[in-house]
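Structure, as structure tokens:
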Amino acid sequence: MKRTSRLATTLFVCFAIVSAAVAALAASPVFPVDREFYPYYPSLIKWNKSSVPFNAPEVCGGCHEKQYKEWNGSVHSLAFKDPVYQGELNKGVKAVGHEIARQCEGCHTPIGVVTGEIKGPGISGLSPIALAGVSCDVCHSISGVTHQQTPARVAENGSFIMTPGVETASGQTLIKRGPIPNHKECGGGFHQCEESPLHLQANLCASCHQVYHYDDHFPIEATYNEWIAGPYAQKAIMCQDCHMVDIQTFKRTADQFVKPERKEYKHYFSGANYLLTYLASGAARKAGDEELAKSLMNQYEMAVERLKSAADLEVFPIYHEGKLDELKVRVKNVRAGHNLPTSLTNVRQMWLEITLRDETGKAVMTSGTLNPDGSLSEVARNFASDGMTSEFHFAVDPWKVVGFSKHDTIPPKGYRDTYYGLHFPADLKKVSIEAKLRFRQADQKVAEALLAAVPKDINLEQMYGLKAVPPLPVVDMVVKQVTVDTSK
């Protein structure tokens, strides 16, 4: 009896040890999260909470009119109202719940999240400052970053600290931070100024331009990682040096690795999202705001020109035994400080379209053309990523993507070569070759699905004049034409 009792006791102890070990493993994920440190998780924003209010951008525009006009019409100003984003957010909330989708809201309307105003998708009933997305008081209230404390121990998902001001014995003191040294007149008596070296660094932008899966912490968007691994980081060319300047300054900076002068910086935040500014321009015109519509079209034109300035092509005919039978096309990233494309690389499309023509101009071979329904041919050379789930299935939705089955973007100052076997009539003496590098924001069907999912308070016809989703605009980033002999 005693031996049986000792055996039972031993088995119980072993079971308890194993159970404790299993429990310990379950409590020790690869990416542990301190929920007290990050109260808005999976958004990693921190707010030094006080009674000091945030201010709407119109308030800032009272003294900073030039900067306000540059910002108003930028993608930062549209980050929350963007109908494509709202469609994605609405789909995400239905799929995984609002708590998970708050990760997106944390970067698209940070003030709306920390003040508790944002309850889910949609724009009705919200204050101007919540609707303003990434407004003046978001960036100029940032007092630090927490990149080393995040679950992945890197910049991700809004890992910055907002401190709009402090409470003192004499009342509230507003503090705004920026790269300019403090001086006596700074703030005009409305707020204090604090010089912030962080505002000159890519670390400031990294917090939101580095998006990780909310649970697996896989980098769905890795723009900052791409920059830090490339030559622009080594030459101390920051995000601001290319995205807060006009096109000509951007070209000079990218070509010569020369930082802009202080007076050349603007609050444009210009990137590749021409679709958003184009839609918003139509909405502004429909609402009767011609000044805003003009500003938005300026942003649209800058985005298109930026895309056309970012890449280059080289075309090499290849002969075997004196006969032209192959073509090499080299796609070069000549000016983007990150990969081409970047951001949601499993959604964006950048591809080659090749056309061979005979002496009369008749097409005798094509590759990479769009199908009649707007979809991209499966055999097109698409420089993008294919997202996959944890079960290794293809996925587009960001809450499902925990890895890439293909990742074929082009690094800064790098290139990719593509080879084509050529087919044309044997009696041709010469062929004209046209190579196009083309770009659009998303696959046609993906865009249609996202815009179909917008919340009910966003009426696309009433706000944007859209009765149906039109064919997505395609930008020809580079077009090269050469005529070559078919034999030599």
Side-chain angles (χ1 to χ4, degrees), residues 84 87-88 91 218 220-221 272 275 307 311 313-316 318 325-333 339-357 362-411 414-424 431 433-453 468-480:
V84 175
E88 187 80 86
K91 287 184 65 180
F218 168 77
I220 303 166
E221 300 183 40
L275 178 60
L307 279 166
L313 294 178
E314 290 184 287
V315 179
F316 304 94
I318 299 175
D325 67 355
E326 200 172 5
L327 180 70
K328 180 173 79 171
V329 180
R330 174 166 292 178
V331 183
K332 300 189 292 185
N333 178 352
N339 288 20
L340 276 179
T342 190
S343 189
L344 278 174
T345 56
N346 63 312
V347 174
R348 292 182 171 183
Q349 295 180 319
M350 188 180 82
W351 75 96
L352 279 172
E353 180 180 297
I354 305 296
T355 304
L356 267 66
R357 301 182 187 277
K362 178 184 176 182
V364 295
M365 175 186 163
T366 60
S367 176
T369 55
L370 293 174
N371 295 320
D373 65 355
S375 61
L376 184 60
S377 168
E378 290 184 359
V379 298
R381 182 65 165 91
N382 186 21
F383 301 91
S385 306
D386 283 344
M388 64 179 178
T389 67
S390 56
E391 291 80 29
F392 313 113
H393 297 152
F394 176 80
V396 172
D397 297 323
W399 55 90
K400 295 179 181 178
V401 176
V402 298
F404 289 140
S405 57
K406 183 195 84 167
H407 189 56
D408 201 16
T409 59
I410 306 173
Y415 65 87
R416 293 279 188 269
D417 287 340
T418 299
Y419 292 84
Y420 296 87
L422 300 183
H423 307 283
F424 49 83
V431 292
I433 303 169
E434 182 180 70
K436 292 182 180 179
L437 182 65
R438 316 196 78 192
F439 178 90
R440 66 179 177 181
Q441 301 292 139
D443 175 79
Q444 183 71 26
K445 296 299 182 184
V446 170
E448 290 173 0
L450 292 178
L451 289 174
V469 180
L472 291 189
V474 175
V475 171
D476 288 332
M477 297 173 63
V478 191
V479 178
K480 284 290 174 74

Query - Between Asn339 and Thr409: side-chain donor-acceptor atoms closer than 3.5 Å - result: yes
Query - side-chain contact (heavy atoms from CB on, under 4.5 Å) partners for Lys328, two or more places apart - result: Phe316, Ile318, Arg330, Asp417, Tyr419
Gap between atom [atom2] of [Y] and atom [atom1] of [X] - 0.5 Å precision:
| X | Y | atom1 | atom2 | value |
| --- | --- | --- | --- | --- |
| Arg438 | Thr369 | CZ | OG1 | 9.5 Å |
| Ser375 | Asp443 | OG | CG | 6.5 Å |
| Phe392 | Ser405 | CZ | OG | 11.0 Å |
| Ile220 | Lys400 | CD1 | NZ | 13.0 Å |
| Lys436 | Thr355 | NZ | OG1 | 6.5 Å |
| Leu352 | Leu313 | CG | CG | 6.0 Å |

Might you point out which heavy atoms bring [X] and [Y] nearest each other, and give the distance in Å?
| X | Y | result |
| --- | --- | --- |
| Gly374 | Gln444 | O-CB, 3.8 Å |
| Ala311 | Met477 | CB-CE, 4.0 Å |
| Leu472 | Arg440 | CB-CD, 4.5 Å |
| Trp351 | Asn382 | CB-CA, 3.9 Å |
| Ala384 | Thr345 | CB-O, 3.2 Å |
| Thr389 | Ala395 | CG2-CB, 3.7 Å |

Query raised in the report: Is any NZ, NE, NH1 or NH2 atom of the basic residue among Lys332 and Glu314 found under 4.0 Å from an Asp or Glu carboxylate oxygen of the other?
Result: yes
Query - side-chain contact (heavy atoms from CB on, under 4.5 Å) between Lys406 and Ser385, intermediate numbers included - result: CA-CA 5 Å; Lys406 183 195 84 167; Ser385 306; 5.9 Å; no
Under 4.5 Å between any side-chain heavy atoms of [X] and [Y], yes or no?
| X | Y | result |
| --- | --- | --- |
| Glu353 | Ser377 | no |
| Arg416 | Phe383 | yes |
| Ser343 | Arg348 | yes |
| Ile354 | Arg381 | no |

**Report entry** Audit row: Val401, Asn346, side-chain contact (heavy atoms from CB on, under 4.5 Å) steps and yes/no
**Finding:** CA-CA 9 Å; Val401 176; Asn346 63 312; 3.9 Å; yes
Report summary line: The salt bridge (charged side-chain N to carboxylate O under 4.0 Å, His left out) partners of Glu221 (sequence neighbours excluded) come to none
**Report entry** Under 3.5 Å donor-acceptor, Asn333 side chain and Ile410 backbone
**Finding:**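 Confirmed, Asn333 side chain pairs with Ile410 backbone.
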Report summary line: From the list Val475, Asp476, Val331, side-chain contact (heavy atoms from CB on, under 4.5 Å) with Leu437 holds only for Val331
Query - By ring-ring contact (aromatic ring centres under 6.0 Å, His included) - contacts of Tyr420 (at least two apart) - result: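 Tyr420 satisfies ring-ring contact (aromatic ring centres under 6.0 Å, His included) with no other residue.
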Report task. Step by step, work out the side-chain contact (heavy atoms from CB on, under 4.5 Å) result for Val431 and Arg357. Result -> CA-CA 6 Å; Val431 292; Arg357 301 182 187 277; over 6 Å; no
Requested in this report: For Phe424, look at atom CZ and say whether over 12 heavy atoms of other residues, nucleotides or ligands are found less than 6.0 Å away.
Outcome: yes
Requested in this report: Could you check Met388 against Phe404 for side-chain contact (heavy atoms from CB on, under 4.5 Å), going step by step and ending with a plain yes or no?
Outcome: CA-CA 6 Å; Met388 64 179 178; Phe404 289 140; over 6 Å; no
